[in-house]
Amino acid sequence: NAGVTQTPKFQVLKTGQSMTLQCAQDMNHEYMSWYRQDPGMGLRLIHYSVGAGITDQGEVPNGYNVSRSTTEDFPLRLLSAAPSQTSVYFCASSLTGIIYEQYFGPGTRLTVT
Amino acid sequence: AQTVTQSQPEMSVQEAETVTLSCTYDTSESDYYLFWYKQPPSRQMILVIRQEAYKQQNATENRFSVNFQKAAKSFSLKISDSQLGDAAMYFCASYTSGTYKYIFGTGTRLKVLA
């Protein structure tokens with residue numbers, strides 16, 4: 001199993017550009033989520049999904065869109081990048097049964113200039 | 001609201017000694033789970049230990065154990081016989097099945113001194 005994969009690992013954007021961060025998992029996990037990690041702020045939940053076709057907002061959803069057309073993929077779209085979105089982004093997945101342990105991808109470092 | 005608070009931004013421990021990292025949480029749900037994750041310089045998030053709220057017994061994983069005080073909403077992590085490889089950021093997190101949300105604390109950076 002590859003686990004949770006994220007692409008790209010690094011990205012630089014100009015203000016106003018859009019892009020999609022890719023996330024995929026091969027563990028047949030129902031639950032997938034996106035976080036951003038900023039110094040001193042920990043990980044903050046952006047969006048999450050409990051299954052294909054179902055998404056919901058987390059703590060900091062503004063400026064981001066998600067969709068979940070398949071169980072495996074959960075892309076995060078930045079609609080119009082802003083310097084405040086400079087961060088490290090993590091995707092994670094888990095079962096929704098008794099375990100509830102999340103498996104994390106390696107992260108994407110995004111810089112918006 | 002679901003919150004997780006880590007009040008120690010940084011801790012230091014001598015190699016082979018024991019250290020305890022603090023975490024408090026708040027939730028109105030009765031069905032929840034608590035976790036400690038480790039993030040080394042590689043940035044990869046690694047689960048250290050988890051605790052189901054309905055279990056009274058404290059979880060233990062080798063040198064890592066928790067002190068789960070449900071009434072006080074406290075969930076501290078004890079690392080025994082600290083090793084250089086334990087140096088990392090440690091995040092406390094909670095999950096409530098009613099909200100489907102994981103909430104993380106701000107982290108504690110652990111330094112291990114040789």
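Predicted model, so just to flag it, every value in this text is computed and none were measured.
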Exercise for the section: Could you identify which residues cluster with B:I79, counting Ile, Leu, Val, Met, Phe, Trp and Tyr as linked when any side-chain heavy atoms lie under 4.5 Å apart, either directly or through a chain of such contacts? Expected result: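 Members besides B:I79, by chain and number: B:V4, B:M11, B:V13, B:V19, B:L21, B:Y25, B:Y32, B:L34, B:W36, B:V48, B:I49, B:F64, B:V66, B:F68, B:F75, B:L77, B:L84, B:Y90, B:I103, B:L110, B:V112.
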Under 4.5 Å from any heavy atom of chain B, what part of [X] do you find: side chain, backbone, both or neither?
| X | value |
| --- | --- |
| A:L45 | side chain |
| A:R44 | neither |
| A:Q6 | neither |

Are more than 12 heavy atoms, taken from residues, nucleotides or ligands other than [X], located less than 6.0 Å from that residue's [atom1] atom?
| X | atom1 | answer |
| --- | --- | --- |
| A:R77 | CZ | yes |
| B:K55 | NZ | no |
| B:K78 | NZ | no |

Exercise for the section: Could you have a look at A:D38, A:V88, A:D56, A:L43 and say which one has the most heavy-atom pairs with chain B under 4.5 angstrom? Expected result: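 Counting heavy-atom pairs under 4.5 Å, the top option is A:L43.
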Exercise for the section: Evaluate the side-chain proximity of A:Q37 to B:Q39: yes if any heavy-atom separation is below 4.5 Å, no if none is. Expected result: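 Result yes, sub-4.5 Å side-chain heavy-atom pair found.
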Exercise for the section: For this output row, return yes or no: ring centroids of B:Y102 and A:Y35 closer than 6.0 angstrom. Expected result: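 No, the ring of B:Y102 stays outside the 6.0 Å limit from the ring of A:Y35, centre to centre.
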Practice task
List for me each residue that meets salt bridge (Lys or Arg N to Asp or Glu O under 4.0 Å) alongside B:R43, sequence neighbours excluded, and say none if there are none.
Solution key: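 Testing B:R43 for salt bridge (Lys or Arg N to Asp or Glu O under 4.0 Å), a comparison that skips the adjacent residues, returns none.
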Exercise for the section: Please answer whether the main-chain N or O of B:L47 pairs with a side-chain N or O of A:Q102 as donor and acceptor at a distance below 3.5 Å. Expected result: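 No; judged by distance alone, with no hydrogens or angles, the pair does not exist.
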Practice task
Keeping the roles fixed (side chain from B:Y100, backbone from A:Y31), state whether a donor-acceptor pair exists under 3.5 Å.
Solution key: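 Checked: no pair found.
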Do [X] and [Y] land in one hydrophobic cluster if side-chain heavy atoms of ILVMFWY residues count as linked below 4.5 Å?
| X | Y | result |
| --- | --- | --- |
| B:F91 | A:F90 | yes |
| A:Y48 | B:F35 | yes |
| A:Y89 | A:L13 | yes |

Handout entry: Value rounded to 0.5 Å, distance of OH in B:Y37 from CD in A:E101
Key =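 That separation rounds to 5.5 Å.
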Handout entry: Rounded distance (nearest 0.5 Å) linking atom OG of A:S94 with atom OH of B:Y33
Key =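 Going from the OG atom of A:S94 to the OH atom of B:Y33 covers 11.5 Å.
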Handout entry: Proximal component of B:T99, with respect to chain A [non-hydrogen, under 4.5 Å]
Key =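 The answer is the backbone of B:T99.
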